[in-house]
Amino acid sequence: MSESTYIYLAILIMASVTYLIRLIFPVLLRKPLNSKFLKSFIHYAPFVTLAVLTVPAIFYSSGNLVATAVGFVVSLLTAWFTSNLPVTCIAGCLSVLIVNLL
Amino acid sequence: MSFEKIAFKKGFKDAFPVFISYFAVSLAIGMNAVNAGLTPFQATLMSLTNLTSAGQATAISIIAEHGTLSEILVSQIVINIRYLLMGAALSMKLNQNTKTGLRLLVSYGITDEVFGLSSAQKGKLSPWYTIGCWSMALPGWVVGTCIGSVMGNVLPAIIIDALSLSLYAMFIAIILPTAKHDLTIFILIFVSMLSSFAMFKLFPAISSGNRVIILTIILSVVFALVKPVEEEEENE
């Protein structure tokens with residue numbers, strides 16, 4: 001298949017499955033989820049997912065390993081002490097910028 | 001002003017910080033998408049139809065490596081599975097008689113941040129509040145992607161480098177606060193990062209998409225079995 005077809009199919013698949021997951025309970029099931037195991041699995045999954053997506057990819061997000069390492073630490077500290085999303089993003093980005101400027 | 005309008009406006013206003021973060025992060029998403037071979041239109045379309053940061057980032061990396069469509073499908077299920085529980089939680093918070101059309105609208109915009117804001121509302125959730133939230137957040141995500149995809153290569157490298165971190169800063173900002181008061185989560189995050197790094201070094205042939213799938217399933221199952229989450233009663 002052409003590159004273009006591949007990409008549009010990918011977008012279609014992604015969007016469909018994501019929306020489906022989102023609407024299963026509010027639209028289709030409308031009843032609470034009862035399995036303790038499944039609830040626990042779904043409770044833990046995002047922490048694993050986001051953690052795995054962060055490391056080691058964050059270190060390769062730009063060319064300078066020192067800058068990204070600093071960005072990683074700054075993000076961790078800012079998130080820990082402020083629990084604030086936009087502040088953490090800005091602090092992380094600024095720290096990379098500053099390291100690169102030095 | 002009607003009750004619905006009040007709820008919508010509140011959601012819209014409350015989500016302003018989310019708009020800012022989404023804009024910053026989506027600039028990087030737009031740039032990555034173009035580098036992976038998507039056109040600006042395709043990148044923007046992806047953001048409009050998906051509204052997921054982690055999911056899109058992973059799909060883009062799979063597309064860059066010319067991974068299979070089934071890998072994309074499975075990765076999206078695993079990465080976005082948390083929306084299942086979020087949907088369940090929000091569904092219980094809505095009035096039982098909420099119409100299907102509104103439920104469909106609410107479901108479209110369930111993201112980590114929109115869920116967080118909606119859950120924090122006291123008592124029953126008005127669907128219009130959640131719709132207001134994503135109405136504010138979505139343009140940030142879509143416009144940022146568009147601009148990132150078009151301007152990404154025009155910006156100076158030093159700015160691109162700084163923006164590229166925003167996606168990961170957002171992931172950290174989402175998961176770390178819970179670790180502050182939950183030791184299990186703290187350990188889980190630490191173990192996840194360590195495992196990811198180890199797997200990356202030991203099995204470099206496994207793509208990042210597959211690594212996320214494998215580790216999410218293994219670690220979530222292990223923790224769910226060893227330390228199941230206790231029931232919490234919803235107080236109205």
Side-chain angles (χ1 to χ4, degrees), chain A residues 3 7-11 13-15 17-19 21-27 30 32-33 36-37 39-58 61-64 67-68 71-72 75-76 79-80 83-86 88-90 92-94 96-97 100-101, chain B residues 17 20-21 24 38 42 45-46 49-50 52 54 59 63 69 72-73 76-77 79-85 87-88 90-92 103-104 106-107 110 158 161-166 168-177 185 188-189 192-193 196-197 200 212 215-216 219-220 223-224 228-229:
Chain A
E3 177 79 3
I7 289 174
Y8 282 114
L9 277 177
I11 294 174
I13 289 171
M14 289 166 71
V17 73
T18 303
Y19 193 28
I21 290 173
R22 283 170 164 152
L23 61 78
I24 282 181
F25 276 99
V27 176
R30 308 192 188 197
L33 177 62
K36 194 171 199 168
F37 172 71
K39 268 182 138 157
S40 301
F41 177 90
I42 295 172
H43 173 77
Y44 290 126
F47 297 100
V48 184
T49 300
L50 295 178
V52 171
L53 283 172
T54 303
V55 172
I58 190 173
S61 63
S62 69
N64 185 342
T68 55
F72 177 57
S75 300
L76 287 174
W80 187 269
S83 297
N84 187 313
L85 177 62
T88 306
C89 285
I90 291 169
C93 293
L94 272 180
V96 169
L97 187 65
N100 275 327
L101 285 172
Chain B
I20 301 290
S21 317
L38 278 80
Q42 289 164 340
L45 181 66
M46 185 191 275
T49 55
N50 283 273
T52 61
I63 290 171
L69 290 173
I72 289 181
L73 174 68
Q76 295 308 296
I77 293 173
I79 289 171
N80 296 326
I81 200 78
R82 63 190 186 281
Y83 297 141
L84 197 67
L85 191 65
L90 288 188
S91 176
M92 289 191 270
R103 289 171 181 269
L104 283 167
V106 166
S107 302
I110 295 178
I158 204 170
D161 281 359
L163 285 172
S164 301
L165 197 96
S166 59
Y168 304 103
M170 189 166 84
F171 293 163
I172 291 171
I174 292 170
I175 61 179
L176 212 56
I185 296 295
L188 180 60
I189 291 173
S192 300
M193 288 186 174
S196 181
F197 187 72
F200 173 72
V212 174
L215 286 176
T216 298
L219 291 175
S220 303
F223 272 70
V229 173

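Chain identifiers are assigned alphabetically (A, B, ...) following the order of the sequence lines, protein sequences preceding nucleic acid strands; residue numbering begins at 1 within each chain.
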So for B:Ala54, is it side chain, backbone, both, or neither that comes closer than 4.5 Å to the heavy atoms of chain A? both
Please identify, among A:Gly92, A:Ala67, A:Pro86, the residue contributing the most non-hydrogen atom pairs under 4.5 Å to chain B. A:Pro86
Looking at B:Gln76 and A:Ile21, what are the two nearest heavy atoms and their distance? O-CD1, 4.3 Å
Given a strict heavy-atom distance threshold of 4.5 Å, which part of B:Val106 is in contact with chain A: side chain, backbone, both, or neither? neither
Taking C-beta and beyond as the side chain, do A:Ser61 and B:Tyr168 meet within less than 4.5 Å on heavy atoms? yes
Donor-acceptor check, side chain of A:Arg22 to backbone of B:Tyr83, threshold 3.5 angstrom: yes or no? no
Answer yes or no: is there a side-chain heavy-atom contact under 4.5 Å between B:Leu104 and A:Tyr19? yes
Flag side-chain contact, heavy atom, 4.5 Å: A:Leu23 against B:Arg103: no
Any residue meeting ring-ring contact (aromatic ring centres under 6.0 Å, His included) with A:Phe25, in chain and number order, not counting sequence neighbours: none
Mind listing the closest non-hydrogen atom pair of A:Val96 and B:Asp161 along with its distance? CG1-O, 3.8 Å
Under 4.5 Å to a heavy atom of chain A? For B:Leu84 that would be both
So do A:Tyr44 and B:Ile185 actually touch side chain to side chain, heavy atoms under 4.5 Å? yes
Heavy-atom cut-off 4.5 Å, strictly under: side chain, backbone, both or neither for A:Phe47 against chain B? both
Heavy-atom pairs under 4.5 Å with chain B, option from A:Thr88, A:Thr54, A:Val52 with the top count: A:Val52
Counting only non-hydrogen atoms closer than 4.5 Å, does A:Leu9 touch chain B with its backbone (N, CA, C, O), its side chain (CB onward), both, or neither? both
Taking every non-hydrogen atom, the tightest pair across B:Ile189 and A:Ala51: O-CB, 4.0 Å
Quick one: which of A:Thr18, A:Leu97, A:Ile58, A:Asn64 has the most heavy-atom pairs under 4.5 Å with chain B, could you say? A:Ile58
With a 4.5 angstrom heavy-atom cut-off, is it the side chain or the backbone of A:Ala57 that approaches chain B, or both, or neither? both
The interface call for A:Leu94 against chain B, heavy-atom contacts under 4.5 Å, is neither
Please report the shortest heavy-atom distance between A:Val48 and B:Leu215, naming the atom on each side. CG1-O, 3.6 Å
Just jot down the ring-ring contact (aromatic ring centres under 6.0 Å, His included) partners of B:Phe200, sequence neighbours excluded, or say none. A:Tyr60
Interface moiety of A:Ile7 toward chain B, non-hydrogen atoms closer than 4.5 Å: side chain
Under 4.5 Å from a heavy atom of chain B, the part of A:Phe72 involved: both
Under 4.5 Å from a heavy atom of chain A, the part of B:Leu90 involved: neither
Could you tell me whether the side chain of B:Val229 reaches within less than 4.5 Å of the side chain of A:Lys39, counting heavy atoms only? no
Heavy-atom donor-acceptor pair, B:Ser164 side chain to A:Ser62 backbone, under 3.5 Å: no
I need the residue from A:Ser83, A:Cys93, A:Ala10, A:Pro46 with the largest number of non-hydrogen atom pairs under 4.5 Å to chain B. A:Cys93
